[in-house]
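Below is one structure, written out as structure tokens; the observations come after it.
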Amino acid sequence: MSVHYLIEINYLAAAALFILSLRWLNHPRTARRGVIAGVVAMAAAIGGTLLAPEIIGYSWIAVAFVVGTLLGIPLAMVPLTAVPQRTALSHAFGGLAAGLVGVAKYSLWMDQGQLTAFRTGAIALECLLGFLTFTGSLMAAGKLQEIVPTRPITYRNQNLVNLSLLAIAILAGVYLTIHPAYWQAFAAIIVLSLTFGVLLIIPIGGADMPTVISLLNSYAGLSAVAMGFVLQNKLLITAGALDGSSGFILSVIMCRAMNRSFTNVLFGAFGQVQARAQAGEAKTVKSATAQDVADLLTHADRVVIIPGYGMAVAQAQHRVHELYDQLTKRGVDVKFAIHPVAGRMPGHMNVLLAEAEIPYEALVEMDDINPELPQTDVALVVGANDVVNPAARHDKGSPIYGMPIIDADKAKTCVAIKRSMNPGFAGIENELYYADQTLMAFGDAKQVLGDVVKAIAGETVGVH
Amino acid sequence: MSVHYLIEINYLAAAALFILSLRWLNHPRTARRGVIAGVVAMAAAIGGTLLAPEIIGYSWIAVAFVVGTLLGIPLAMVPLTAVPQRTALSHAFGGLAAGLVGVAKYSLWMDQGQLTAFRTGAIALECLLGFLTFTGSLMAAGKLQEIVPTRPITYRNQNLVNLSLLAIAILAGVYLTIHPAYWQAFAAIIVLSLTFGVLLIIPIGGADMPTVISLLNSYAGLSAVAMGFVLQNKLLITAGALDGSSGFILSVIMCRAMNRSFTNVLFGAFGQVQARAQAGEAKTVKSATAQDVADLLTHADRVVIIPGYGMAVAQAQHRVHELYDQLTKRGVDVKFAIHPVAGRMPGHMNVLLAEAEIPYEALVEMDDINPELPQTDVALVVGANDVVNPAARHDKGSPIYGMPIIDADKAKTCVAIKRSMNPGFAGIENELYYADQTLMAFGDAKQVLGDVVKAIAGETVGVH
Amino acid sequence: MENPVTLDLWSMLFVFMLATFVGFQVIQNVSRLLHTPLMSLTNAISAIAVVGSILIAGEQESRFTTILGTVAVAASMTNIVSGFLLTDRMLRMFKERGK
Amino acid sequence: MENPVTLDLWSMLFVFMLATFVGFQVIQNVSRLLHTPLMSLTNAISAIAVVGSILIAGEQESRFTTILGTVAVAASMTNIVSGFLLTDRMLRMFKERGK
Ligand SMILES: NC(=O)c1ccc[n+]([C@@H]2O[C@H](COP(=O)([O-])OP(=O)(O)OC[C@H]3O[C@@H](n4cnc5c(N)ncnc54)[C@H](OP(=O)(O)O)[C@@H]3O)[C@@H](O)[C@H]2O)c1
Ligand SMILES: NC(=O)c1ccc[n+]([C@@H]2O[C@H](COP(=O)([O-])OP(=O)(O)OC[C@H]3O[C@@H](n4cnc5c(N)ncnc54)[C@H](OP(=O)(O)O)[C@@H]3O)[C@@H](O)[C@H]2O)c1
């Protein structure tokens, strides 16, 4: 059996295993099997490639393996609140690799006089996607880590400028396909896509980065697909397409859950103008002490906890777990209501709560929990705001009108933990806080929850 | 743009449309769009192929198109009870086409000295699958149409004989791959697979044909895949794989719903030996008149109708619809409980009831209706037997032990319409008929239901 | 350089592997209500064998193969016509409540 | 006879089309609970770009391309190692009730 056969078999097996790997993520019980399948697939792909007769020296490859591993291990150990920026960084690496391979292939085929129109076009696409993903993801990571200013930076005709840049890059690509040897056009594509990546992200607010990184995920996948076309490699195309569709679907889910369009996220500079008006009539809120909250919770039959971005910021998930334990021990039925965009990236609340050892059966999706809220005694909102704002349901003028929300206002009592009356990401007031059945527990989520847990634990077990 | 490009674009579009076509079958609302996509895809595929420069004369093709259309139209007009045998017949045609193309390619490449090992192997597989599907499906159609005796025909060492035949055919295929020009081996494969197709079906009982035709569906698909490898045509491979997996999944669903294994269906000669014993103690049944049934039904709040094979045989679906109308008009909540293997082919009950204009929302799958049966006032069993036999739940000795059933015995009252106390397909007694809450309405389903409907319509509207 | 036929074998295997995954997923999502129409639709789809048959019947390399090809085209065409018509006929019967 | 490069283009397009269908279907079935691990797993998977990078780094056609290839291998390897490790680390946290 020739080496070529062996390589192709490895690639075929790797492609099938990558698919199975993602399939097994359909349930937490089979998910770790998915990781194993992924690792085996990657090993087969790398092992097969190393057999290729074209390879004449392994030393550089070995060095790169060691460097990559040394960089990779610490990146896998980041705290879970930093996973969004780590993910963005990793897209940057992916884009970079694709871009560099494109440059290398261009230069090789140029020297060998083997630049066909098809090859050149595929390389141009690969480099465009790769390099824009590279700088775009770096910017996104910076915003998420708050190294780069998180507020949208806007100027006149911004969208026009950005789109013109992209158009020029695409024109250069078309030109290059016709005149493959005109390397200046190739260089222009690289510079333009590096610039475009930065400019694309600048006007997008920090809180929109999760949607953007999902989209960049998709671009990273597509640049791998383009590389597959360049190298005529079906495994690259398959794996890239899996990645591309994953990123695309995740960003669609996020946009839907915010009732916003792609265009609005990318070009809307959301969160910049929102005049924090609407104050007007002086409405009153009822505030509650930790002891009040503890009493309410221990005397309830059904409690739904609604975690939001504030819980992640306050790192309050372990306190939430203590509360969950105390309450379930007392026979209270406690569930968590997870809004798709709560937190800093898709599914972020789930990992944070799982880290705090809350069983995943207790984490219920928005659509499944909403019908239960009218029978709920206490809805406990922990650092969430927009995702429980009833204006989304009825106020046609509200910027979040139409966004699906968790019906915290339908519970018999609602307790909201936050530090102030400040609005959340969308910059608008939340009538929920002024409702008759709502109590506000002001303070840092970690602090307040700690006090509540202490109050419950200290209490003599109440008549239940 | 060369013709070749045009053809390839057509094939690519056709493949994508075939996938969408099946995707849209996921809901009755989009299903007809699926048919349109399928038609467009097929037109693109045929149109593309007709452009091929190899084609030097169109007259034969035109003749074949006309003949095929003339044959196809009446085959599409069969009554719905005859759809199973029509489906089997159509698999036979599919298998035949694949087999004939295989023979033609073998003879062409033989003459041109272009028979490589790979090509020969693929052709051998194509012919094996094609021809066994051809005769096997003809036999299945015959059994379903009751032209061929439906009871299993068995003899000593039958499975041994069959498997040896298959083994010889495979060996001949391997030999042929090594010596492609040895046409006697090729002829042997054809004869053996034609024979094997017949012998495979002979020992299988008529009531197992639905599972068998699903499996033959899968073989027909796989022979198209083999043809795709022979002709290096990716569209054939894609469409064949879709068909192959469809047939496979359907037969797995059927086997699971009967709690039997593939091997048992194919080699078990089920339904032959079942000694109709177990009579013993003379148990009594309560029988009811049409008037009794009418009274029961009109005074019920919730009725679940459980149709079975007997309803199909009696062609009673239109009477069922009249009953449904009468009852819903009186405010009774009527649902249908559909067991996956009720009837003569997968999903058969659904088409029959849809034909009778019963809205599909009223057709509920087994797993969804079972939790509702304890709150049901009357479970009306129409010509079903095994699928409501409680022995499947508790009698470890029963041949249907473990088969999932519809819990007709859990309803407050059960009414069973059948002609006699004879057992159903599995040949065993059904304790449901002897239960305290069960009433038997003996007679042909169409007749009995007609009387019940008359009784209800004639009745002055009861106090409800 | 490998010869193109072998090269293509691997593309074919890739296509087969991927199409099988697509098939399994797509079929698993088909509504159980529609399993009978599904069977007649896949009948029509697998009549894609018509593509191969047309080439044989049209190349007219020998009388023998032309006849085989013609019969194969007719058989496939029967499945196409009856498969799509029957599927559509059945699907038209599925009505929503109140329609 | 078509030249093999063009022939192969259509195979590539077929593979891309089918893989995209597979991707959409497979991702739509991923549990919403696991969307964060999904992102890090696809991160690792798309680092399959390592395959192309290894060839460039190993062919050593010129100093320039070797360096580019080596950097690309290192970048991809970082994603592979951190992607799989992080995914596994997160998935280990998901516990069923009573475990
Ligand atoms: N998850 C994603 O991937 C994603 C993507 C794009 C956009 N978004 C957007 O992000 C928002 C997420 O909604 P959300 O309800 O989770 O968050 P939110 O509307 O931004 O509200 C978070 C709330 O947490 C409070 N908070 C902050 N730090 C806190 C602390 N240490 N202790 C207690 N409370 C604290 C804040 O109030 P105080 O300042 O008064 O404490 C704030 O009102 C949505 O508007 C969504 O559209 C999310
Ligand atoms: N659907 C499939 O694709 C498929 C595939 C493989 C196997 N099977 C097998 O087929 C069986 C299907 O179960 P099932 O409960 O639907 O059918 P069944 O168990 O075969 O019972 C059908 C009943 O209908 C009655 N019947 C027949 N003609 C009638 C008429 N004209 N009027 C009234 N009643 C009539 C018969 O009783 P009388 O003679 O007393 O009237 C018989 O008991 C299962 O055992 C299943 O495993 C089905």
Side-chain angles (χ1 to χ4, degrees), chain B residues 18-19 22-23 25-28 31-32 35 39 42 45 49 54-57 60-61 64-65 67-69 71-72 75-76 87 90 93-94 96-98 100-101 104 108 220-221 224 227 229 231-232 234 236-239 241-243 245-246 249 346-348 350-351 354-355 359-361 365, chain C residues 8 12 15-16 19-20 22-24 26-27 29-36 38-39 41-49 51-61 65-66 68-82 84-88 90-91 93-97:
Chain B
F18 280 140
I19 295 170
L22 292 174
R23 240 180 118 106
L25 275 195
N26 68 356
H27 195 282
R32 289 190 67 198
V35 178
V39 171
M42 192 55 84
T49 309
E54 300 95 300
I55 298 181
I56 57 165
W60 287 104
I61 300 175
F65 276 5
V67 172
T69 310
L71 280 173
L75 269 177
T87 307
S90 144
F93 285 166
L96 179 66
L100 293 182
V101 170
L108 282 177
M227 192 195 291
F229 276 93
L231 305 175
Q232 303 262 18
K234 295 169 287 289
L236 275 171
I237 295 179
T238 307
L242 293 176
D243 198 33
S245 36
S246 166
I249 288 179
H348 202 187
N350 298 308
V351 237
E355 183 194 20
Y360 62 74
E361 295 97 331
E365 273 177 45
Chain C
D8 235 0
M12 300 294 149
V15 168
F16 180 50
T20 306
V22 173
F24 270 82
V26 125
I27 303 293
N29 287 331
V30 168
S31 160
R32 287 219 170 181
L33 273 178
L34 302 181
H35 274 173
T36 298
L38 167 66
M39 263 190 137
L41 186 62
T42 53
N43 254 184
I45 291 179
S46 79
I48 189 66
V51 162
S53 319
I54 287 177
L55 291 178
I56 304 277
E59 278 173 4
Q60 306 193 349
E61 292 274 350
T65 58
T66 309
L68 294 188
T70 307
V71 176
V73 174
S76 307
M77 203 62 196
T78 310
N79 280 355
I80 294 173
V81 172
S82 75
F84 285 126
L85 283 182
L86 176 61
T87 310
D88 196 54
M90 290 194 285
L91 289 177
M93 294 171 180
F94 282 85
K95 297 212 174 61
E96 273 176 89
R97 192 162 284 158

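No experiment lies behind these values; they were computed from the predicted model shown. All values below were derived from every heavy atom in this structure, side-chain atoms included, with hydrogens, water molecules and symmetry-related copies excluded. Below, read A as the first sequence line, B as the second, and so on, with proteins coming before strands; counting in each chain starts at 1.
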Side chain to side chain donor-acceptor pair (under 3.5 Å) partners of Thr87(C), counting only residues at least two apart: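 Partners of Thr87(C) by the side chain to side chain donor-acceptor pair (under 3.5 Å) criterion, ordered by chain and then number, come out as Ser40(C).
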Search all heavy atoms of Asn350(B) against all heavy atoms of Arg32(C) and return the closest pair with its distance.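 Heavy-atom minimum between the residues: ND2-O, 3.4 Å.
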Closest heavy-atom pair and its distance - Met227(B), Gly52(C):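 Shortest heavy-atom contact: SD-CA, 4.2 Å.
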Is a donor on one side and an acceptor on the other found under 3.5 Å between the side chain of [X] and the backbone of [Y]?
X: Thr36(C); Y: Pro346(B); result: yes
X: Asn79(C); Y: Asn43(C); result: no
X: Thr69(B); Y: Phe65(B); result: yes

Side chain, backbone, both or neither of [X] within contact of chain B (heavy atoms, under 4.5 Å):
X: Ile54(C); answer: both
X: Ala49(C); answer: both
X: Ile80(C); answer: side chain
X: Leu33(C); answer: both
X: Ser53(C); answer: both

Among [options], which residue forms the greatest number of heavy-atom pairs with chain C at distances under 4.5 Å?
options: Glu54(B), His348(B), Met42(B), Glu355(B); value: Met42(B)
options: Ala98(B), Ala239(B), Ala76(B), Ala97(B); value: Ala76(B)
options: Leu242(B), Leu25(B), Val35(B); value: Leu25(B)
options: Val67(B), Ile237(B), Leu231(B); value: Ile237(B)
options: Gly72(B), Gly94(B), Gly347(B); value: Gly72(B)
options: Ile19(B), Val351(B), Leu96(B); value: Val351(B)

4.5 Å side-chain heavy-atom contact, Leu22(B) and Leu41(C): yes
With the side chain counted from C-beta on, respond yes when His27(B) and Tyr360(B) share a heavy-atom pair under 4.5 Å apart, and no when they do not. yes
Between [options], the one whose heavy-atom pairs under 4.5 Å with chain B are most numerous:
options: Val73(C), Ile45(C), Val26(C), Thr20(C); value: Ile45(C)
options: Thr78(C), Leu86(C), Val81(C); value: Thr78(C)
options: Leu55(C), Val51(C), Val22(C), Thr66(C); value: Val51(C)

On the 0 to 90° scale, with breaks at 30° and 60°, tag the Phe229(B)-Phe16(C) ring pair as parallel, tilted or perpendicular.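 Geometry flag for Phe16(C) against Phe229(B): perpendicular rings.
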